[in-house]
There are 2 protein chains.
Amino acid sequence: MANSHTSEQKITIGREQSVCCPLSDTARKIADTFQNMVMQRGFNAVSYGDIAKELGIRTASIHYHFPTKAGLGATVLTRYRDNFKNAWEDVDADDPESYVRAYDSFMAPICPVRDMDGVSCLFGVLGATQKTLCPNIQEILASFFVEQEVWLAKVFEGGRDRGVFHFSGPATSFAKLYASALQGAMLIKKSTNNPKHFDVVIEQLESMLFEADEK
Amino acid sequence: MANSHTSEQKITIGREQSVCCPLSDTARKIADTFQNMVMQRGFNAVSYGDIAKELGIRTASIHYHFPTKAGLGATVLTRYRDNFKNAWEDVDADDPESYVRAYDSFMAPICPVRDMDGVSCLFGVLGATQKTLCPNIQEILASFFVEQEVWLAKVFEGGRDRGVFHFSGPATSFAKLYASALQGAMLIKKSTNNPKHFDVVIEQLESMLFEADEK
DNA sequence: GTCTATATCATGATAGAC
DNA sequence: GTCTATCATGATATAGAC
């Protein structure tokens, strides 16, 4: 059943590399294909055989580049996380508009995920089966969600203080809500085959966040 | 790795039965155990062997009650869905408070999921790997999310008209946001091992929905 | 209704030739 | 770096005894 997809789609996010050595051309193709498939089907439903078939190579070749599936998963997730975190622009306390730009930089890497049918965020997909993943990956997952919330709360709070954002309650609570809504929206978008679901949720969130600008 | 859990936890939701014949005692134990495990690890990471081990029986016995894993999944998901939908109380157009009660009835079945460590909503877990599931289950999933949104939007809109709820924009958009936030919050709660995450998101949502009552 | 035994298949992974 | 060949394991599922 894991092979019952009819049309694989290429995803162009997350090609950046993590701390360690850059990936060779083949390794990158493997990582891209794996990432794309996991975002559609989940970690446990993608096999080396699926990747090999898609790329027209043998599973042994994949094992040469990535000896273990857990290692491949960690590489892909690290790259995906770094792509997001590197996008986050710093704020300038003296420039209110920098908070809006920071928010935009946060949302930018999400767009490619939004625009692909049949996928949802890698973090969310892995989080759904968290307990089945190796401790390394569990740790990357958990710490990203925490870091994301801390960063968002800082931007939201500073932006509210400067009058560019509007929401009630603690900034950490609003950040938790925002991150949760994005994850859930991608998940429901995928489950209902309705790309618009995600767009509508973002519209609703932003109409709240920027409410004064629209009055 | 699917067996690396140290302490299975019992869940008491979703014991209600669907349209067809009620489950025998053993069948119900199997369904409960399977549902609980799937909410922790996902459909593809739970095997008949895992269930058999947990219950102290053989896999062949499980096949007697549920010939196929897809069938077991459909039974469990149908039961889970009915448990939610049956909780939804009708509104009385002449009674504004009935809209608050309807909202409470919607949230009630979510509490047990909130209170269990290491699990997230069955809909969300299955949605994350949607493409790997049989068409039957995919359909139940997709239609539930749509029905949920329609019901929520109706309650939100009626409640806003009567002054008990407060939000801006179309009720369908707010319903989409609400459903997404709940799904994402459970997912992040599980991924970060932080039960409070879910509570905070609900607090934030309700402080928005009931804002006037708190001023 | 539950069991033993078994069939069949896919999986992650390794050894060693080229 | 890629291949063929192979291994060990665990999965779904079935047949038939009790």
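Below, read A as the first sequence line, B as the second, and so on, with proteins coming before strands; counting in each chain starts at 1.
Counting to the nearest Å, the P atom of dT12(D) and the CZ atom of F66(B) are 14 Å from each other. Atom-to-atom, CD1 of I62(A) to C1' of dT14(C) comes out at 15 Å; the value is rounded to the nearest Å. Computed from coordinates, the I30(A) CD1 to dG12(C) P distance equals 14 Å when rounded to whole Å. Between the P atom of dG10(D) and the CG atom of N44(B) lies a distance of 18 Å, rounded to the nearest Å. Atom P of nucleotide dC9(C) and atom OH of Y48(A) are separated by 25 Å, given to the nearest angstrom. Atom-to-atom, CZ of F34(B) to C1' of dT12(D) comes out at 12 Å; the value is rounded to the nearest Å. The interatomic distance linking R58(B) (CZ) with dT6(C) (C1') rounds to 16 Å, in whole Å. When rounded to the nearest whole Å, the span between CD1 of I51(A) and C1' of dT11(C) equals 12 Å.
Nearest to the side chain of H65(B), among dT2(C), dA5(C), dT2(D), sits dT2(C). Each of dC3(D), dG12(C), dT12(D) was ranked by its minimum atom distance to the side chain of H63(A); first place goes to dG12(C). Checked against dG12(C), dC3(D), dC3(C), the side chain of A60(B) finds its nearest nucleotide in dC3(C).
As judged by a 4.0 angstrom heavy-atom cut-off over every strand, T68(B) is placed among residues touching the sugar-phosphate backbone only. Base engagement by Y64(B) is indicated by at least one non-hydrogen atom pair under 4.0 Å involving a base atom.
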- Could you check Y178(A) against F167(A) for ring pair (Phe, Tyr, Trp, His ring centres under 6.0 Å), going step by step and ending with a plain yes or no? CA-CA 11 Å; Y178(A) 223 94; F167(A) 58 92; 9.2 Å; no

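Neither OP1 nor OP2 of dG10(D) sits under 4.0 Å from any side-chain N or O of S47(B). In this model, the phosphate group of dC3(D) is approached by a side-chain N or O of S61(A) to a distance below 4.0 Å at OP1 or OP2. For dG1(C), the OP1/OP2 oxygens have no side-chain nitrogen or oxygen of S24(B) closer than 4.0 Å.
Between F174(B) and F165(B), the distance separating the two ring centers is not shorter than 6.0 angstrom.
Counting only distance, with no hydrogens or angles, the side chain of Y48(A) and the backbone of T68(A) share a donor-acceptor pair below 3.5 Å.
Ion pairing between a basic and an acidic side chain is recognised when a charged N comes within 4.0 Å of a carboxylate O; R28(A) and D25(A) show such pairing. Using a cutoff of 4.0 Å between basic side-chain nitrogens and carboxylate oxygens, D32(A) and R79(A) are scored as salt-bridged.
Take the nearest nucleotide of DNA chain C for T59(B) and for T26(B): the residue whose nucleotide is more 5' is T26(B).
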